[in-house]
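The next block holds one structure in the form of structure tokens; read it before the comments.
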Amino acid sequence: DMFGFIMLGAYQDARPDKPGGPPRVKLGLKDLFIFFVYLLMAMPLPQLMHLIFGKWAWPIYWGVYPDGSLVEPPENQWGWDY
């Protein structure tokens with residue numbers, strides 16, 4: 001999980017400046033950037049594009065079942081059936 005790598009990086013950066021010194025957590029711009037990328041990876045882009053652009057950003061064709069009938073669009077775009 002990427003959150004573990006973020007915490008591992010913060011732990012490694014928390015090493016004391018001098019031997020025997022107190023550890024300090026140093027969160028900088030690099031850590032904020034990595035966290036921002038982590039949040040972007042979890043964004044529901046298709047749903048947000050549909051929210052902004054409406055029908056222009058929504059598939060017309062959802063596929064075909066094995067019996068040849070067309071797959072209907074999901075009723076709830078935020079549900080698991082999407």
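Computed from a predicted structure; not experimentally measured.
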My understanding is that only residues two or more places apart in sequence, or in another chain, count here; which of them pass side chain to side chain contact (heavy atoms under 4.5 Å, CB included) with F33?
V37
Would you sort out whether Y65 and V71 count as a side chain to side chain contact (heavy atoms under 4.5 Å, CB included), showing the intermediate values?
CA-CA 6 Å; Y65 287 117; V71 176; 3.8 Å; yes
Calculate, to the nearest 0.5 Å, the distance between atoms CH2 and CG belonging to W58 and L51 respectively.
10.5 Å
Kindly work out whether a path of hydrophobic side-chain contacts (I/L/V/M/F/W/Y, heavy atoms less than 4.5 Å apart) joins M43 to M49.
no
Sequence neighbours excluded, the answer for side chain to side chain contact (heavy atoms under 4.5 Å, CB included) partners of F36 is L40
Within one Ile-Leu-Val-Met-Phe-Trp-Tyr cluster: F53 and L45, side-chain cutoff 4.5 Å
no
I'd like to check the side chain to side chain contact (heavy atoms under 4.5 Å, CB included) partners of I52; sequence neighbours left out, ordered by chain and number.
none
Check whether more than 12 heavy atoms from other residues, nucleotides or ligands sit under 6.0 Å from atom CG of L39, and answer yes or no.
yes
